Protein chains: 2
Amino acid sequence: MERPDPTKLPATAWAVLGILAFGEELTGYEVRQWADHVLRHFYWSPAMSQIYSELKRLEKVGYAVSRAAVSDDGRGKRVYGITASGEAALAEWAGRAPVEPPVLKHGPMLRAWLGHLSTPERLREQILEHRADTERELAEADASREVAARFPEWAYPELTIRWATRYYAAQRDLADRMLADLAELAEDGRREESA
Amino acid sequence: MERPDPTKLPATAWAVLGILAFGEELTGYEVRQWADHVLRHFYWSPAMSQIYSELKRLEKVGYAVSRAAVSDDGRGKRVYGITASGEAALAEWAGRAPVEPPVLKHGPMLRAWLGHLSTPERLREQILEHRADTERELAEADASREVAARFPEWAYPELTIRWATRYYAAQRDLADRMLADLAELAEDGRREESA
DNA sequence: CGTTGCATGTAAGGTGTTACATGATTAC
DNA sequence: GTAATCATGTAACACCTTACATGCAACG
């Protein structure tokens, strides 16, 4: 008969609450920006609409509160803050809930895996594009890291973004090694043809 | 008025079709095993029930066909194979569809990001556990790679699994460096306390 | 005067998981 | 006998995205 526990939330909800846990009152829009600049690099950035609904859910279970506020330009907005109960629940989740294993969905490798259906040239282009994307992400993460480094209360976020920059660097090296392997495979193919 | 294109499939469907694209007729159960041994390391392994429904969808659009068959032990089963049309569509998708950027959801880093809500000891334990998990995955991927290396028609899958083993190794190194950073942060904390 | 940014939501629908249900064979 | 593996599905539901809808302010 077990009814679903209203405090059993998906990781995304904890991530959103985690953004509020740094103490500032934020609008849904601002939560999204934090997600985009920081969270995205090791977790992921939910759609705007999901952020709004997660915030509502968090408020319903008492982990967040909202109040009407005004922007600098005088327009109305709604800001959310974490509650004591929310902080306790989040700490409990962070410390005791089983850590979900990392999930990876790597589009470029899915293409490489199906290399036999494509051409070495096309595949190479796709991996090169992936490499360029990674480099871009690396630059963005590094910019975010520099911002975080300016504030002592962001020591842990800074560590995770630093982790992300290393992750992107590793990703880039992995792309290079894949490119080398691909070249070798194509070479073998040519040799066989001419034989 | 645009009705949804019945051939516009999610990446998961292409992944399942991709498993069939290596030429063998497989049961849903076997598709799952391939996903678990290979695909999982760079993409992910869908739930059993989803595999069955993806196979049905693929058959409906004509990219796969199924027929009743018998196992060695005489029990009935249903095997799926790729069609010519399916092969063409898959090649088209692999070569021309925009490559989805890699998606990462890293549970352990989500915990590290919220380090201020936990203790250095607990966080360290969690990262160590992640490190051990990674090592396990590395061993499994390496075993799969060795199997793939025995068959020349699996050259591309072998490359991607090799990529995965390197990925896990990088992941492990990243965990080590995070552990070192964490230790340093804790050290700084202690120094401040005693000051 | 058009675009970008700020700001908030709803509705619809697709994606994917968990739980449930079933049943035979093989190995301990 | 009972657990694991093979084998196939359905139903319910949670998660999440896309598209739509709105409106003001600031900048060029």
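All values derive from a computational prediction rather than experimental measurement. Residue numbers start from 1 in every chain, and the chains themselves are labelled A, B, ... in the order their sequence lines are given, proteins ahead of strands.
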Figure out the NZ/C1' separation between B:Lys56 and D:dA11, and round it to whole Å.
13 Å
What's the NZ-P distance between A:Lys77 and C:dG5, to the nearest Å?
18 Å
Bend angle of the helix from C:dC1-D:dG28 to C:dC28-D:dG1 from five-pair axes at both ends, rounded to 10°?
40°
With A:Ser45 via side chain to side chain donor-acceptor pair (under 3.5 Å) - residues at least two apart:
A:Asp36
Under the side chain to side chain donor-acceptor pair (under 3.5 Å) test, residues paired with A:Arg145 that sit two or more places apart
A:Asp142
Just how far, in rounded Å, is C1' of C:dT8 from CD1 of A:Ile51?
12 Å
Around atom NE2 of A:His116, are there more than 12 heavy atoms from other residues, nucleotides or ligands closer than 6.0 Å?
yes
What string of B, S and - do you get for nucleotides 16-28 of chain D 5' to 3' if you count protein non-hydrogen atoms under 4.0 Å?
SBB----BBSS--
Integer-rounded Å distance: C:dT15 C1' and B:Leu9 CG
13 Å
Atom CZ of B:Arg78 and atom P of D:dG9 are separated, to the nearest Å, by 7 Å
Identify all side-chain donor-acceptor contacts of residues 146-156 of chain B below 3.5 Å with residues at least two apart in sequence or on another chain.
none

Taking only N and O in the side chain of B:Lys8, is any of them less than 4.0 Å away from OP1 or OP2 of C:dT15?
no
Residues in ring-ring contact (aromatic ring centres under 6.0 Å, His included) contact with A:His106, at least two apart in sequence or another chain:
A:His130, B:Trp163
Quick one: list whatever passes side chain to side chain donor-acceptor pair (under 3.5 Å) with A:Glu25, sequence neighbours left out.
A:Arg67
More than 12 heavy atoms of other residues, nucleotides or ligands under 6.0 Å from CZ of B:Arg124: is that the case?
no
Sort and list the pairs that fulfil ring-ring contact (aromatic ring centres under 6.0 Å, His included) and have at least one residue in residues 175-195 of chain B, not counting sequence neighbours.
none
Near-strand residues of residues 15-36 of chain B, defined as heavy-atom separation under 4.0 angstrom from DNA chain D:
B:Thr27, B:Gly28, B:Tyr29, B:Gln33
Salt bridge (Lys or Arg N to Asp or Glu O under 4.0 Å) filter on B:Glu184, not counting sequence neighbours, yields none
Quiz: residues 46-53 of chain A side-chain donor-acceptor pairs under 3.5 angstrom, not counting sequence neighbours:
unit_1: A:Gln50; atom_1: NE2; unit_2: A:Glu54; atom_2: OE2; d: 3.3
unit_1: A:Ser53; atom_1: OG; unit_2: A:Ser49; atom_2: O; d: 3.1
unit_1: A:Ser53; atom_1: OG; unit_2: A:Gln50; atom_2: O; d: 3.1

Taking atom P of C:dG16 as reference, at what distance in whole Å does atom CG of B:Leu39 sit?
12 Å
Residues 159-169 of chain B vs salt bridge (charged side-chain N to carboxylate O under 4.0 Å, His left out), sequence neighbours excluded, gives A:Asp181-B:Arg162, A:Asp181-B:Arg166, B:Glu158-B:Arg162
